[in-house]
Number of protein chains: 2
Amino acid sequence: MTTPDDLGWLTRKLRSIDRVSTEEQRAVENLPFTKKRLEGGQDIVREKDQPTQCCLILDGWACRYKLLSEGKRQILSFHIAGDIPDLQSLHLKVMDHNLATVTPCTVALIPHEGVHDLVRRFPGICGVLWRDTLVDAAIFREWMTGIGRRSAYGRIAHLFCEIYVKMNAIGLADDYRCEWPITQVDIADALGLSNVHVNRVLQDLRSRKLISLRGRALVIENWDALREAAEFDPLYLHLEP
Amino acid sequence: MTTPDDLGWLTRKLRSIDRVSTEEQRAVENLPFTKKRLEGGQDIVREKDQPTQCCLILDGWACRYKLLSEGKRQILSFHIAGDIPDLQSLHLKVMDHNLATVTPCTVALIPHEGVHDLVRRFPGICGVLWRDTLVDAAIFREWMTGIGRRSAYGRIAHLFCEIYVKMNAIGLADDYRCEWPITQVDIADALGLSNVHVNRVLQDLRSRKLISLRGRALVIENWDALREAAEFDPLYLHLEP
DNA sequence: CGTCGTATTGAATGGGTTCAAGTAGCGTGG
DNA sequence: CCACGCTACTTGAACCCATTCAATACGACG
């Protein structure tokens, strides 16, 4: 699979979750945008902001998170190329959470006006973008279920499954290997655990030969066992077959 | 505030989260539907179903939930009059969770085709319904944060705040009182706790005079203290001011 | 008046946290 | 080229919030 150019990442993502006609694809790729390079660990949009544009990830990893008292943090989602993590800002004027880079990122900032104009001209695209935000919500539901009712072991296994499948769907992972720039602290904040416990569970997963995780590289050594430990069913990702 | 008739519940709900013109309101209230009466504790739509209609609550309480192995259950949301809990099925063909009644309910079943037709004719309504699903997702984010990072005490307090504010927004609650048909088991499954612990925390909340909860009636005795205990900020509900 | 769902209580247990210390890896600059 | 500093990772031990198990009480309803 070749590497798309700029807005091509967006159409590839959209085509991974829905059908997009050639004409629609062309219209999407003609959206106005400005490209921007960002450091890792940098806020892009903050809670209470009222953005007038949305942020398409072209390269790197981002996450959304909320902060509570005493420095507690909940990571709500991770995002990769093709995602528009703040697409909801199109209809929700005030941000109820933060969006930040995890690694250095290249992003395309797309003015809301451009998107409004696009969906006015292409009702089909409106449906696809709406669907994108609905898949987003479906992932929240799955995470909520994991945090509420799965063991730490199952939760972490589940996260590995999800990220790999999402990466694979846009051609950024294959052969049960993918980039893994997410720290143990990030995993902890995403899954409602402590970093110490994440560390211990990771060692457990490694010693059982389900995964290996060195540096920034994840290798799933035993997909079936991992999926079973996670009770992972990709239905909720609503990927196009 | 008077009690709306059938689809009037929907327009009231939509007007609590966005602006709706008189013309749009009329169009919404002309949606085709069939009315249905349901028992409490009954599934309406199940995981893996492919519904062709969506379900507007007219009376009673509903919830969405997922099931895991060993009978573990995660409740994802509670719903009251005016909500369309499965609106996402408009664009996500397969259900990734279940929808069930909590109490006996009256619902209006609205064919997808009717909604598609409506949003084709009224792009403004498309935006409002999209926004409705985005608020839904915003609530998921808040719950995720609560389950992941709040104490049991804070989580339960937060749920009381949220439900009261939502009920109040559509005119079903006032004066810090509202109906409360949700059992302790339900609260436990919604917040990732055990029913035993919910019981103990409720006693604590009562003994501190933050709430009283007898039978099916919730009274918030000390709103400020409850809000503080919950770190509740209604921003995420994105209500129209 | 029995029955079933819901709520309550006590006691033992445990999954995960917290605290505290130490190690490994890596880029930077003198 | 190594010392320094920074961040991420690792380990051990004590602790605790919440669970589990088990029994009991309540209350609505046929």
Side-chain angles (χ1 to χ4, degrees), chain A residues 39-42 61 63 68-75 100-104 146-157 159 179-207 211-218 229, chain B residues 39-42 61 63 68-75 100-104 146-157 159 179-207 211-218 229:
Chain A
E39 299 298 305
Q42 187 179 343
W61 293 55
C63 74
L68 277 73
S69 61
E70 299 159 46
K72 282 177 291 190
R73 179 174 72 141
Q74 177 66 44
I75 289 180
T101 59
V102 172
T103 68
I147 298 171
R149 287 296 181 224
R150 269 190 250 270
S151 68
Y153 189 81
R155 263 180 259 185
I156 294 177
L159 183 64
E179 193 196 352
W180 190 270
I182 299 172
T183 68
Q184 296 182 2
V185 172
D186 291 336
I187 298 176
D189 285 345
L191 302 181
L193 299 167
S194 70
N195 59 341
V196 173
H197 197 57
V198 168
N199 182 277
R200 289 180 174 130
V201 172
L202 285 179
Q203 290 176 50
D204 195 5
L205 282 165
R206 279 188 279 235
S207 74
I211 59 150
S212 74
L213 191 59
R214 278 187 312 280
R216 299 176 102 240
L218 166 69
Chain B
E39 300 298 304
Q42 188 180 342
W61 293 56
C63 74
L68 277 74
S69 61
E70 298 160 46
K72 283 177 290 189
R73 180 174 71 142
Q74 178 66 44
I75 290 181
T101 59
V102 172
T103 67
I147 299 170
R149 288 295 182 224
R150 268 189 252 270
S151 68
Y153 189 82
R155 264 181 258 185
I156 294 178
L159 182 64
E179 193 196 353
W180 191 269
I182 300 172
T183 68
Q184 295 182 3
V185 172
D186 292 335
I187 298 176
D189 284 346
L191 302 181
L193 299 167
S194 70
N195 58 342
V196 174
H197 197 57
V198 167
N199 182 278
R200 289 179 174 130
V201 172
L202 285 179
Q203 290 176 52
D204 194 5
L205 282 164
R206 279 189 278 237
S207 74
I211 58 150
S212 73
L213 191 58
R214 278 186 314 280
R216 289 171 56 107
L218 166 69

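Residue numbers begin at 1 in each chain, while the letters A, B, ... track the order of the sequences.
- Among the heavy atoms of the strands, none lies under 4.0 Å from A:Leu202.
- Contact annotation: B:Gln203 side-chain N/O to C:dA7 OP1/OP2 distance is not under 4.0 Å.
- Side chains of A:Gln184 and A:Asn199: a donor-acceptor N/O pair is present below 3.5 angstrom, by distance only.
- For B:Asp186, the side-chain contact (heavy atoms from CB on, under 4.5 Å) criterion is met by B:Arg73, B:Ile75, B:Phe78, B:Val102, B:Ile182, B:Thr183, not counting sequence neighbours.
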Pairwise N/O distances under 3.5 Å, protein to nucleotides 26-28 of chain C:
none

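- Remark: A:Ser69 pairs with A:Lys72, B:Glu231 by the side-chain contact (heavy atoms from CB on, under 4.5 Å) rule, at least two apart or across chains.
- Residues from residues 180-192 of chain A that place a heavy atom under 4.0 Å from any atom of DNA chain D, listed by number: A:Thr183, A:Gln184.
- B:Val196 is linked by a side-chain contact (heavy atoms from CB on, under 4.5 Å) to B:Ser194, B:Arg200, counting only residues two or more places apart in sequence or in another chain.
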Can you give one letter per nucleotide of nucleotides 21-30 of chain D, going 5' to 3': B for a protein heavy atom under 4.0 Å from the base, S for sugar-phosphate only, - for none? B---------

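- Among residues two or more places apart in sequence or in another chain, the salt bridge (charged side-chain N to carboxylate O under 4.0 Å, His left out) test is passed with B:Arg155 by none.
- Contact annotation: B:Asn199 side-chain N/O to C:dA7 OP1/OP2 distance is not under 4.0 Å.
- B:Arg216 is linked by a salt bridge (charged side-chain N to carboxylate O under 4.0 Å, His left out) to B:Glu179, counting only residues two or more places apart in sequence or in another chain.
- Under a 3.5 Å cut-off, the side chain of B:Thr103 and the backbone N or O of B:Gly40 do not form any donor-acceptor pair.
- Every side-chain contact (heavy atoms from CB on, under 4.5 Å) that A:Ser151 has, sequence neighbours left out, goes to A:Tyr153.
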Name the pairs: protein N/O against N/O of nucleotides 13-15 of chain C, kept only if under 3.5 Å.
none

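- Residue-level contact check: B:Arg206 touches the backbone only, with heavy atoms under 4.0 Å from sugar-phosphate atoms and none from bases.
- Residues passing the ring-ring contact (aromatic ring centres under 6.0 Å, His included) test with A:Trp61: none are found, sequence neighbours excluded.
- Axis angle across the helix from C:dC1-D:dG30 to C:dG30-D:dC1, with five pairs used at each end and values rounded to 10°: 30°.
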